[in-house]
Amino acid sequence: MEQPISVTRSNFNDWMVPVFAPANFIPVRGEGSRIWDQENKEYIDFAGGIAVNALGHAHPVAVNALTEQAKKLWHVGNGYTNEPVLRLAKQLTENTFADKVFFCNSGAEANEAALKLARKVGLDSGVAGKSGIVAFKNAFHGRTLFTVSAGGQPKYSQDFAPLPNGINHVAFNDLDAAKAVINEQTCAVIVEPIQGEGGVIPADIEFLKGLRALCDEFGALLIFDEVQTGVGRTGSLYAYMNTGIIPDVLTTAKALGGGFPVGAMLTTDKFAPHFSVGTHGTTYGGNPLASAVAGAVFEFINTPEVLEGVKHRHQYFLDALKTLNAEYQIFEEIRGQGLLIGCVLKAEYAGKAKDITTWAGEEGLLALIAGPDVVRFTPSLIIPEQDIDEGIARLKRALAKLAK
Ligand SMILES: *Cc1c(COP(=O)(O)O)cnc(C)c1O
């Protein structure tokens, strides 16, 4: 075989559209919660590919599902159905409130489908102008034009105007503000049970309950964006299960494929028929390869042992972070559920989250930010305790640099 083309980090600047500013090393392989770069330097992975690699790297369950399916059938298109996608649909519907699933390839596409479904249901209702969407400030729903417009961070959408209209943003966790804008013309309310990108901010249960009641009153779909919180991330299969509130539509992606791109929109028999033949579609969505991997990942995660393990690791992580913080006094608050953890910087360290993750990288730790003031951890759901210990030791060295 020919030698592969030799590449370096600086080639990113040569050839890649500059929407990202990746770290100055290139990961080349991973195993469990460890990654190695081109120089064979080792990193502990507290980022998990942004809440994606739920089983860590190269987990045999995922590798076997992928390679077995790869030998059989990769893609046939949606003019044909396939066995892996039907099995995955059965798993998702049997284990959630949902009766029906639409598959796609990403979180943004899942939300795009959810918002389009809501508009279609609104149209079919016969109520004039029932197309309004209520969303929340600081929310993140993806980067397509519709989903970035539903997101509540104008810096991501304003450069792409004119934006789709009929979207109203109000303050997160402010039920009165929501009440003031939800009416007969509202077709959907879209909300994250925990705002992930926005800073790891949990929704109050009373807030979600209130949204549920308002949606019922005005005939609007309640959409839970569980792209980040889903598939075991909070210690429950889906975060709505922690709340006692059942949405009409749920979107899931990120951890669903454990690293293989896949997304899904889940809904009920009441709303699914509005997406009749030809109203929406996708080329790759529900392909056998993605579905086979997702099915294996889902089966592995949806067990009491793995889900309980997430809760246990949450406590273990929190204890370690609190011990660190007692020494350095850098975090004002440590919040989140399961293995979606946000450390909010004290005012005197405002804006330093990115510096911390850069220094963490130098110490051999992958970590994330959630806005300029929050350091975020979304590791593998099965990260071993010794890797948590080692990662915390490396974080400690990074924080020591900041404290100086
Ligand atoms: C990551 C994320 C998305 C977008 O998912 P992509 O796969 O990047 O399109 C949407 N919603 C939430 C809550 C997310 O965290």
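In listed order, ligands and their atoms are each counted from 1.
The N111 neighbourhood of ligand 1 comprises atoms 10 (C), 11 (N), with distances under 4.0 Å to a heavy atom of that residue. Which parts of ligand 1 touch G142 is read off a 4.0 Å heavy-atom cut-off, strictly below it: atoms 4 (C), 10 (C). Under a 4.0 Å criterion applied to the non-hydrogen atoms of S106, ligand 1 contributes the atoms 7 (O), 9 (O). Close contacts between ligand 1 and E192 involve ligand atoms 13 (C) [criterion: under 4.0 Å to a heavy atom]. Every atom of ligand 1 is numbered from 1 in the order shown, and the set under 4.0 Å from a heavy atom of Q228 is 15 (O). The distance from ligand 1 to the heavy atoms of D225 drops below 4.0 Å at these ligand atoms: 10 (C), 11 (N), 12 (C), 13 (C).
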Only pairs under 3.5 Å count here: list side-chain donor-acceptor contacts from residues 379-386, not counting sequence neighbours, and write none if there are none.
from	atom 1	to	atom 2	distance (Å)
S380	OG	A54	O	3.3
S380	OG	G56	N	3.4
S380	OG	I382	N	3.0
S380	OG	I383	N	3.4
E385	OE2	H312	NE2	2.8

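Of all the heavy atoms of A108, the ones lying under 4.0 Å from any atom of ligand 1 are found in both the backbone and the side chain.
Between F224 and Y238, the ring centre distance reaches or exceeds 6.0 Å.
Nearest heavy-atom pair, Y240 versus E226, reported as atom, atom and distance to 0.1 Å: N-OE2, 2.8 Å.
Within the set H141, E197, E109, the minimum heavy-atom distance to atom 10 (C) of ligand 1 is found for H141.
In this structure, atom 8 (O) of ligand 1 has no protein heavy-atom contact shorter than 4.0 Å.
Between E42 and R394, at least one side-chain N (NZ, or NE/NH1/NH2) sits under 4.0 Å from a carboxylate O, which counts as a salt bridge.
Rounding to the nearest 0.5 angstrom, the gap separating the CD1 atom in I301 from the CG atom in L237 is 8.5 Å. Distance CD/E390 to OH/Y43: 14.0 Å, rounded to 0.5 Å.
Counting only heavy atoms from C-beta outward, the side chains of T144 and T147 approach each other to under 4.5 Å.
With respect to atom 5 (O) of ligand 1, the closest heavy atom belonging to the protein is G107 CA, 3.3 Å. The protein heavy atom nearest to atom 1 (C) of ligand 1 is K254 NZ, 1.5 Å.
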